[in-house]
Amino acid sequence: MTALNIIILAAGKGTRMFSDKPKVLHALAGKPLVQHVLECAISLQPEQICVVYGHGGEAVPQAMQRYADRFVLQEPQLGTGHAVQQAMPHLNDDSRTLILYGDVPLIQHSTLHQMQQAGNGLVLLTVDLDDPTGYGRIVRDPQGDVLSIVEQKDASAEELEISEVNTGIMLAPTTKLREWLSKLGNNNAQGEYYLTDIVAMAVQQGVSVHTVQPEQRWEVEGINNKTQLAALERIRQQDVAGKLMAQGVTLADPARLDVRGELNCGRDVEIDVGCIFEGKVMLGDRVKVGAYSVIRSASIGSGTQVAPYTHIDQSEVGANCQLGPYARLRPGTKLQDEAHVGNFTEIKNSEIGKGSKANHLSYIGDSTVGSRVNIGAGTITCNYDGANKFRTIIEDDAFIGSDTQLVAPVTVGKGATIGAGSTITKDTPAGELTLSRSKQVTIAGWQRPVKGMK
Ligand code: UD1
Ligand code: CA
């Protein structure tokens with residue numbers, strides 16, 4: 001196949017977003033609109049990708065640097081034809097050029113591939129709409145061959161009846177495109193250089209014009225405001241939910257799932273309502289995720305049960321663990337199989353051994369916890385002295401009484417027991433009971449204070 005150049009138009013202001021951020025950097029399914037387009041573009045293995053940007057200073061090139069080969073500033077913005085012109089000096093002649101849009105995020109590889117197969121002339125991606133208002137219309141002759149595209153504002157009453165519209169996405173031989181663009185004028189209703197005017201030029205020169213339609217209507221949906229952004233987000237999420245269910249995942253409600261990254265599931269996974277998955281998440285066989293859990297960049301081993309409202313971030317969880325409700329695993333947490341982390345327990349940068357439990361109200365930070373350890377309610381590792389962080393080591397089979405503070409660096413020996421309410425500042429011997437509490441005393445005859453006379 002002929003080599004491919006891809007131009008992504010992303011210079012529009014996005015006035016209707018009412019935002020300081022360039023439109024194409026607003027997020028859909030957890031990543032910028034234009035990043036969706038760039039990832040799809042990359043999947044076609046083009047020779048180069050060139051992004052035409054305008055508003056927002058260097059924000060677009062900075063954010064998308066690693067996805068494109070080149071960023072070209074279009075200033076001022078004089079129309080879609082003018083935008084494409086800005087990229088032309090950088091393109092190789094012996095190639096074809098595909099034009100995509102930074103605010104049309106869900107275009108799919110398969111549709112673009114179909115365009116590449118459609119022919120060697122000019123290939124337009126078109127779609128039939130019940131309400132074509134606002135779009136450029138595809139004008140055909142009685143034989144059905146494309147003659148031109150006419151913009152809404154330039155169309156006759158008859159042309160406005162046409163339901164087939166221009167999505168804007170097109171593929172053209174680069175040398176021809178260069179020639180046609182150089183001849184564009186702006187004598188039209190909007191005083192803009194219309195990319196769409198190249199269609200009539202192609203027809204005039206006898207270059208064949210082909211049309212392709214997208215597999216899904218939403219692939220060519222553009223975003224101009226927050227309502228359209230939210231609508232397309234739902235479409236995307238429905239599509240993700242549909243694919244998960246097709247693979248056998250049980251979703252309590254496919255309309256209440258948000259995947260903002262990549263979610264991979266084993267067999268018989270169940271996900272309750274309101275869960276959010278970010279980054280790359282792997283759920284093993286039979287994992288159950290309770291309602292309103294937020295899981296980001298994590299792997300969860302088979303058979304593990306995640307109770308509602310659990311937050312997991314950049315952590316690795318073994319098999320058959322029990323988490324939550326209301327547990328929080330922060331970055332660097334590693335739970336071995338059968339560990340239990342219960343309500344209001346926070347774990348950070350720590351390894352918890354097989355079968356160990358921290359079921360209530362604890363903070364475990366920068367710690368290495370062995371196997372079969374029981375961490376009582378309200379236990380806190382004091383890992384930070386205000387300047388530096390230190391590790392706590394709790395060896396296998398230790399039992400930490402409730403409301404214990406372990407002041408790091410400190411090691412609790414194998415099988416050691418710590419009495420409830422202790423503040424442990426020195427290493428504790430294996431197999432022994434250590435506690436640090438003042439003796440309980442009773443003051444005989446003590447009276448409660450009473451209110452004084454006024
Ligand atoms: C364009 C098409 C129209 C098509 C419609 C699909 C033209 C003349 N018209 O119309 O046939 O039905 O898209 O949505 O092409 N842009 C730039 N620089 C510019 C102008 C636009 O980068 O100077 C970018 C915008 O950011 C946007 C895209 O090009 O992503 C389309 O521009 P827009 O002004 O929205 O074109 P439409 O009038 O909608
Ligand atoms: Ca538009």
Side-chain angles (χ1 to χ4, degrees), residues 6-17 19 21-26 28 32-34 36-38 50-56 59-61 68 71-88 98-107 122 124-129 131-139 146-155 159-160 162-170 172 177 180-181 184-201 209 211 213-214 217-225 228-229 232:
I6 298 180
I7 301 175
I8 299 176
L9 300 191
K13 193 167 184 180
T15 318
R16 283 173 285 163
M17 298 297 268
S19 167
K21 190 157 63 172
K23 175 165 76 173
V24 297
L25 293 185
H26 285 263
L28 182 123
L33 298 176
V34 65
H36 288 270
V37 183
L38 281 160
C50 181
V51 175
V52 179
Y53 71 105
H55 288 274
V60 171
F71 294 87
V72 182
L73 181 65
Q74 183 201 15
E75 181 58 49
Q77 283 110 38
L78 304 178
T80 49
H82 177 256
V84 174
Q85 268 170 355
Q86 309 310 303
M88 293 315 289
L98 173 66
I99 297 159
L100 301 175
Y101 297 82
D103 58 359
V104 182
L106 297 185
I107 186 68
L122 180 59
L124 308 175
L125 187 64
T126 73
V127 69
D128 285 294
L129 295 183
D131 178 12
T133 309
Y135 290 89
R137 309 296 205 281
I138 307 293
V139 182
V146 174
L147 288 177
S148 65
I149 296 176
V150 58
E151 291 304 297
Q152 167 90 20
K153 288 182 179 151
D154 303 287
E159 288 164 338
L160 289 175
I162 299 170
S163 62
E164 187 186 8
V165 305
N166 172 35
T167 65
I169 294 173
M170 53 179 84
L177 180 63
W180 297 328
L181 287 171
L184 281 185
N186 64 351
N187 185 18
N188 53 50
Q190 301 183 84
E192 287 182 6
Y193 295 89
Y194 289 166
L195 174 62
T196 45
D197 285 350
I198 69 168
V199 178
M201 294 184 199
V209 180
T211 59
Q213 301 234 323
R217 171 77 190 85
W218 46 254
E219 290 183 49
V220 296
E221 211 97 58
I223 288 171
N224 295 304
N225 57 45
Q228 291 169 341
L229 179 62
L232 209 53

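Whatever order the structure lists them in is the order used to number ligands and atoms, beginning at 1. In this chain, numbering begins with 1 at the start of the sequence shown.
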Hey, is ligand 1 close enough to [X] that some N/O pair sits below 3.5 Å?
X      : result
Tyr194 : no
Thr80  : yes
Gly136 : yes
Thr167 : no
Ala11  : yes
Gly102 : no
Gly168 : no

[X] to ligand 1, any heavy atom closer than 4.0 Å:
X      : result
Glu151 : yes
Val165 : no
Leu78  : yes
Gly79  : yes

If the plane angle is over 60° it's perpendicular, under 30° parallel, otherwise tilted; pick one for Phe71 and Tyr53.
perpendicular

Using a 4.0 Å heavy-atom cut-off, say whether Tyr135 meets ligand 1 through its side chain, its backbone, both or neither.
both

In Å and rounded to the nearest 0.5 Å, what is the CZ to CG distance from Arg217 to Leu129?
4.5 Å

Who are the side-chain hydrogen bond (donor to acceptor under 3.5 Å, both in side chains) partners of Gln85, not counting sequence neighbours?
none

With His55 via side-chain hydrogen bond (donor to acceptor under 3.5 Å, both in side chains) - residues at least two apart:
Gln77

Show your working on side chain to side chain donor-acceptor pair (under 3.5 Å) between Gln152 and Thr133 and close with a plain yes or no.
CA-CA 7 Å; Gln152 167 90 20; Thr133 309; 5.1 Å; no

Under 4.5 Å between any side-chain heavy atoms of Cys50 and Ile6, yes or no?
no

Side chains of Ile169 and Ile99: does their closest heavy-atom pair fall under 4.5 Å?
no

Which of these, Thr211, Leu125, Leu98, Leu195, sits in a side-chain contact (heavy atoms from CB on, under 4.5 Å) with Met170?
Leu195

Return the option from Val199, Ile8, Leu124, Asn166 holding the heavy atom at the smallest distance from atom 5 (C) of ligand 1.
Asn166

Who's closest to atom 17 (C) of ligand 1 heavy-atom-wise, of Gln86, Gln74, Gln77, His55?
Gln74

After noting the C-alpha distance and the side-chain angles of Lys23 and Asn224, does the key distance pass the side chain to side chain donor-acceptor pair (under 3.5 Å) rule?
CA-CA 8 Å; Lys23 175 165 76 173; Asn224 295 304; 3.1 Å; yes

Could you list the atoms of ligand 1 found under 4.0 angstrom from a heavy atom of Ala83?
17 (C), 18 (N), 22 (O)

Could you list the atoms of ligand 1 found under 4.0 angstrom from a heavy atom of Tyr101?
28 (C), 29 (O), 30 (O)

Go through Tyr194 and Asp154 one step at a time and tell me if the side chain to side chain donor-acceptor pair (under 3.5 Å) criterion holds.
CA-CA 11 Å; Tyr194 289 166; Asp154 303 287; 2.8 Å; yes

